[in-house]
Amino acid sequence: MTKIDVQPGIMEIALYQSGEATIEGVSDIVKLSANENPYGAGDAAKEAFRKAGQNMHRYPGTDHAALRGAIGEVHGLNADQIICGVGSDEVLQFISQSFAGPGDEIIYTEHGFSMYPILAHACGATPVKVAERERVVDVDAILNACTDKTKIVFIANPANPTGTMIGGNEMARLAKGLPEGCLLVHDGAYTEYVEGFDGGAGLVDSCDNVIMTRTFSKIYGLGGLRVGWGYGPKELIDVLNRVRQPFNLSNMQMEVAEAAVRDTEFVARCRSDNARLRAWLAEALAELGVPSDTSCANFILARFASEDEANACDAFLRKEGVIVRKVAGYGLPNCLRITVGDEAGCRRVAYAVKSFKEQKA
Ligand SMILES: Cc1ncc(COP(=O)(O)O)c(C=O)c1O
């Protein structure tokens, strides 16, 4: 049989594990495993979805002008510096594909988002994992790990799955301290959960080696639609557009995302509900002896006494119809990541953890 060679790095990829959605034999489920918006999409986005179906026979535009214009208007950004993708994952892929390859290194951090090493391997580069300090990105450790082969540093801020964040000054220190020719990717998937935060846009404007990525999958409640975007120096965005397929986004994706980004009231309401319920859930779990770091996102990283306890709690929650995320693969075997649900979802998971603790005692 002919041997078909696989490109370097591809066979190193460990397949991405997505949050589970079902439990066999259990019908009343609350899914808190994928950091989705528990309220779904906003009314404006749903209305746009209904309308967009009329034009399915038409090819979409290739330049995403209306969507980029809307994003630019709402966030006060130059639309020419914006690129849209099939989720922010695709934008991250454009970046790794364009700026790194065999022989290069891509830095991510100890508990960093699992797509980063996948993207590094996919372009033939070497992923380099750098230690964090107590589940927080450590800028000095990253700067120390840089070599002349380092081409990209991926940082999510707030981070997934820890929920922690570093300040703007630290991000700027990182951007400025990177070696010549090294790009900092400020992944802002959870930006909208942080009141008044620009997600790294200001850093893009003040440095020439930073790209920010954002998503419609979280606060906008459009994870199933698959739309994300990036903002960076015009010359770099022009590079990314060369590897982007012309019709990567459908009319429906663009029209719904445009309605969603303009619906700033829905975003503000979701942010405030999330903050209130996140604080309630963190406190309820802490009272049960399950602490967590202060989260800046729409999930909590609940820390158990041991890996065994985390696994036993996960199994108990599943029997109760509550699906959360095990994060042993992120180097956090004693933790469970719990998405902040709506009020009923939060009460249900807190009650289930309480029952778990009681039956153990
Ligand atoms: C930190 C981070 N970046 C990027 C993504 C990718 O999001 P999407 O491709 O849905 O935009 C996620 C999704 O969970 C994430 O947590």
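As the structure lists them, so they are numbered: ligands from 1, and atoms in each ligand from 1.
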Q | Shortest protein contact, atom 11 (O) of ligand 1 (heavy atom only) | A | Thr215 OG1, 2.5 Å
Side chains of residues 5-14: which donor-acceptor partners sit under 3.5 Å, not counting sequence neighbours?
residue: Asp5; atom: OD1; partner: Lys3; partner atom: NZ; Å: 3.0

Q.
At less than 4.0 angstrom from any non-hydrogen atom of Ser217, what atoms of ligand 1 do you find?
A. 8 (P), 10 (O), 11 (O)
Q) Is ligand 1 under 4.0 Å from a heavy atom in the side chain of Phe216, in the backbone, in both, or in neither? A) neither
Q: Could you tell me whether Arg348 and Asp28 make a salt bridge, using a distance below 4.0 angstrom between a side-chain N and a carboxylate O?
A: yes
Q: Give the residue, atom name and distance (to 0.1 Å) of the protein heavy atom nearest atom 12 (C) of ligand 1.
A: Phe113 CZ, 3.4 Å
Q: Specify the protein heavy atom at minimum distance from atom 7 (O) of ligand 1: its residue, its atom name, and the distance to 0.1 Å.
A: Ser88 OG, 3.3 Å
**Q.** Test: Arg325 and Asp314 ion pair at under 4.0 Å
**A.** no
Q. Please state which protein non-hydrogen atom is closest to atom 1 (C) of ligand 1 and give its distance, to 0.1 Å?
A. Asp187 OD2, 3.5 Å
Q. When you measure from atom 6 (C) of ligand 1 to every protein heavy atom, which one gives the shortest distance, and what is it?
A. Asp89 OD1, 3.2 Å
Q) Any salt bridge between Arg226 and Glu90, counting N to O under 4.0 Å? A) no
Q | Lys/Arg cation over aromatic Phe299: Arg337, 6.0 Å, 45° cone | A | yes
Q) Given that the side chain starts at C-beta and the backbone is N, CA, C, O, which of these parts of Arg226 lies under 4.0 Å from ligand 1, counting heavy atoms, or is it both or neither? A) side chain
Q) Closest non-hydrogen protein atom to atom 13 (C) of ligand 1, residue and atom name please, with distance? A) Lys218 NZ, 3.4 Å
Q. Below 4.0 Å from any atom of ligand 1, is there a heavy atom belonging to Gly228?
A. no
Q: Output yes when Arg242 and Asp238 qualify as a salt bridge under the 4.0 Å nitrogen-oxygen rule, no when they do not.
A: no
Q | Heteroatom distance test (Tyr190, ligand 1): nitrogen or oxygen, under 3.5 angstrom | A | yes
Q) Can you list the atoms of ligand 1 that are under 4.0 Å from a heavy atom of Ala189? A) 2 (C), 3 (N), 15 (C)
Q: Classify the ring geometry between Tyr220 and Phe216 as parallel (under 30°), tilted (30 to 60°) or perpendicular (over 60°).
A: tilted
(Q) For the 3.5 Å polar cut-off, considering only N or O atoms, please tell me whether Tyr16 and ligand 1 meet it. (A) no
(Q) What I want to find out is whether Glu36 reaches Lys31 closely enough, with some N-O distance under 4.0 Å, to be called a salt bridge. (A) yes
Q) Should you measure from each heavy atom of Ala156, which atoms of ligand 1 turn up under 4.0 Å away? A) 1 (C)
Q. Can Arg276 and Glu343 be counted as an ion pair, charged N to O under 4.0 angstrom?
A. yes
